[in-house]
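What follows is a set of notes on a single structure, which appears directly below.
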Amino acid sequence: MLRSWTITLVLLACSAFAHAGDFTFTLEHGGLARQWRVHVPQSYDASRAAPLLVALHGGGGNMDLQADESLYHQVSTSEREGAILVFPNGYSRMPGGKLATWNAGRCCAAARDRNVDDVGFIRAVVADARRRWNIDGRRIFATGMSNGAMMAYRLACDAADLFTAIAPVAGTDNTTGCRPSRPVAVLHIHARDDSHVLFEGGAGPDSARASAVTDYVSVPKTVEKWAALDGCSAQVLRVVERPGASCDAHPACSGGTKVQLCVTETGGHSWPGGAKARQGRLPAPSQAISANDIMWDFFRQVAP
């Protein structure tokens with residue numbers, strides 16, 4: 001009888017949040033208490049498998065900042081797409097998980113310096129979400145801003161078995177080694193005038209202190225690397241052309257994947273289609289394209 005009750009309680013615990021809403025969880029990983037948020041859209045139906053997007057905040061931010069609808073518009077996009085949206089919190093020594101960073105290889109700060117197992121943490125977050133909600137294993141994606149974008153690249157390298165596609169924004173591939181177990185579709189989004197992660201490589205004048213970051217890999221080198229890793233043909237097609245932005249794609253890659261680069265002419269170090277977090281001299285995000293719209297169109301193409 002005791003065994004029966006134990007199994008029942010475990011099942012109840014796993015299904016307690018199997019409905020729409022916003023929730024925050026804490027899990028232990030690598031000896032650390034780590035937090036993550038999730039938004040489950042109102043259209044969620046447990047009888048139908050939903051896509052899942054892991055959204056990774058920038059260095060010095062936290063999960064609450066990335067989940068801020070007024071800045072990133074990701075929650076409303078989740079409602080439109082019927083996607084479950086997960087916001088993990090990076091490594092932080094601060095109360096409330098503020099000023100957090102990700103160990104994306106050569107960047108950034110304390111997470112890198114302490115060799116925090118962020119890949120393992122994010123794997124654990126996805127596994128926990130899959131126990132609670134009905135998630136389509138073919139449609140698990142990652143995106144991120146800045147250091148979060150760099151972390152998305154590390155996931156593509158070290159967790160290719162889990163992630164079908166990534167859509168990094170304003171952060172390049174700064175991994176120390178990359179041998180993905182299968183091709184992963186990549187959509188890279190970057191502003192040509194980014195003054196933090198320079199388009200042509202290096203840390204710009206508005207980047208964090210040199211010891212906390214790295215000599216960033218350029219956007220062209222990042223795209224070239226993933227076109228090679230994904231076995232793409234040399235063919236490149238212009239797939240979006242509008243004032244202030246364009247997208248070029250390698251449409252023929254291994255396993256039905258694609259590698260695509262979208263560039264805005266302005267916007268600096270920001271999320272295209274989003275809003276400026278605070279007043280100051282840095283430019284507002286470009287409105288020529290919406291990072292959210294572009295990435296979900298891309299996800300539908302590579303994982304219909």
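All residue numbers in this chain count up from 1 along the given sequence. Note that the structure is a prediction, hence the values are computed from the model and not measured.
Hydrophobic cluster membership differs between M295 and V263, with clusters built from Ile, Leu, Val, Met, Phe, Trp and Tyr side chains linked at under 4.5 angstrom. Tracing side-chain contacts under 4.5 Å through hydrophobic residues (I, L, V, M, F, W, Y), one reaches Y44 starting from V38; they form part of the same cluster. The cluster map of Ile, Leu, Val, Met, Phe, Trp and Tyr, joined by side-chain heavy atoms under 4.5 Å apart, puts F199 and V186 in the same cluster. Residues L56 and F87 fall into different hydrophobic clusters, defined by Ile, Leu, Val, Met, Phe, Trp and Tyr side chains chained together at heavy-atom separations under 4.5 Å. No single ILVMFWY cluster, assembled from side-chain heavy atoms under 4.5 Å apart, contains both L155 and L229.
Scanning all heavy atoms of the two residues, the minimum distance from A149 to P168 falls at CB-CB, 3.5 Å. When all heavy atoms of G58 and Q66 are compared, the closest pair comes out as N-OE1, 4.3 Å. Smallest separation of non-hydrogen atoms from V259 and C232: CG2-SG, 3.7 Å. C262 and I289 get closest at one heavy-atom pair: CB-CD1, 4.1 Å. For the pair H39 and S78, the tightest heavy-atom approach, listed with the atom from each and the gap, is CD2-OG, 3.3 Å. Here the shortest heavy-atom pairing between P285 and G273 reads CB-N, 4.5 Å.
Considering CD of E200 and CZ of R192, their distance stands at 7.5 Å, rounded to 0.5 Å. Rounding to the nearest 0.5 Å gives a distance of 4.5 Å between NE2 of H57 and CG of N89. Taken from CZ in R154 to CZ in R106, the straight-line distance is 11.0 Å, to the nearest 0.5 Å. A distance of 6.5 Å separates CD1 of I294 from CD1 of I189, quoted to the nearest 0.5 Å. Atom OG of S207 and atom CG of D194 lie 9.0 Å apart (nearest 0.5 Å). Atom CZ of R48 and atom OG of S43 lie 7.0 Å apart (nearest 0.5 Å).
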Given side chain to side chain contact (heavy atoms under 4.5 Å, CB included), test M63 with T24 step by step and report yes or no.
CA-CA 10 Å; M63 62 185 184; T24 300; 4.0 Å; yes

Worked verdict on V125 versus V54 for side chain to side chain contact (heavy atoms under 4.5 Å, CB included):
CA-CA 9 Å; V125 167; V54 175; 5.9 Å; no

Could you walk me through whether T101 and M150 pass the side chain to side chain contact (heavy atoms under 4.5 Å, CB included) test, one step at a time?
CA-CA 11 Å; T101 54; M150 299 173 199; over 6 Å; no

For side chain to side chain contact (heavy atoms under 4.5 Å, CB included), just list the numbers for M145 and L71, CA-CA rounded to whole Å, side-chain angles, deciding distance to a tenth of an Å, and then say yes or no.
CA-CA 12 Å; M145 171 67 195; L71 298 178; over 6 Å; no

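You'll find the side chain of N103 stays beyond 4.5 Å of the side chain of Y91, heavy atoms only. Here the side chains of Q260 and V302 are not in contact, with every heavy-atom distance at 4.5 Å or above. Contact of the N134 side chain with the S47 side chain is not registered, since no non-hydrogen atoms from C-beta on lie closer than 4.5 Å. A heavy-atom distance below 4.5 Å is not found between the side chains of N62 and Q35. Put simply, the side chain of T143 reaches to within 4.5 Å of the side chain of W271, judged on heavy atoms. No side-chain heavy atom of S254 sits less than 4.5 Å from a side-chain heavy atom of D230. By the 4.5 Å heavy-atom criterion applied to side chains, R182 and T164 are counted as neighbours. Residues C157 and W226 are in side-chain contact: their nearest non-hydrogen atoms beyond the backbone lie under 4.5 Å apart.
A side-chain contact (heavy atoms from CB on, under 4.5 Å) with T77 is found for exactly one of N292, L85, L53, namely N292. Considering D158, D118, D161, D128 as possible partners of R123, the one that fulfils the salt bridge (charged side-chain N to carboxylate O under 4.0 Å, His left out) test is D161.
Checked by atom type and distance alone, the side chain of Q42 never pairs as donor or acceptor with a backbone atom of A20 at under 3.5 Å. Between the side chain of Q287 and the backbone N or O of G274, at least one donor-acceptor pair lies under 3.5 Å.
For R179, the CZ atom is loosely surrounded, since the number of other residues' heavy atoms within 6.0 Å does not exceed 12.
H188 and Y153 form a side-chain donor-acceptor contact under 3.5 Å, judged by distance and modelled atom types alone. Checking T172 against N174 by side-chain atom types alone, a donor-acceptor pair falls below 3.5 Å.
Annotation: cation-pi geometry not satisfied between R132 and F23 (NZ/CZ under 6.0 angstrom from ring centroid, within 45° of ring axis).
Salt-bridge formation is not detected for the pair D117/R34: no Lys NZ or Arg NE/NH1/NH2 atom is positioned less than 4.0 Å from an Asp or Glu carboxylate oxygen.
With sequence neighbours excluded, the residues that form a ring pair (Phe, Tyr, Trp, His ring centres under 6.0 Å) with H269 are H196. Residues that satisfy the ring pair (Phe, Tyr, Trp, His ring centres under 6.0 Å) test with F298, not counting sequence neighbours, are absent from this structure.
By the 30° and 60° cut-offs, the orientation of the rings of F121 relative to W102 is parallel. Aromatic ring pairs are classed by plane angle as parallel below 30°, tilted from 30° to 60° and perpendicular above 60°; the pair F141 and F299 is parallel.
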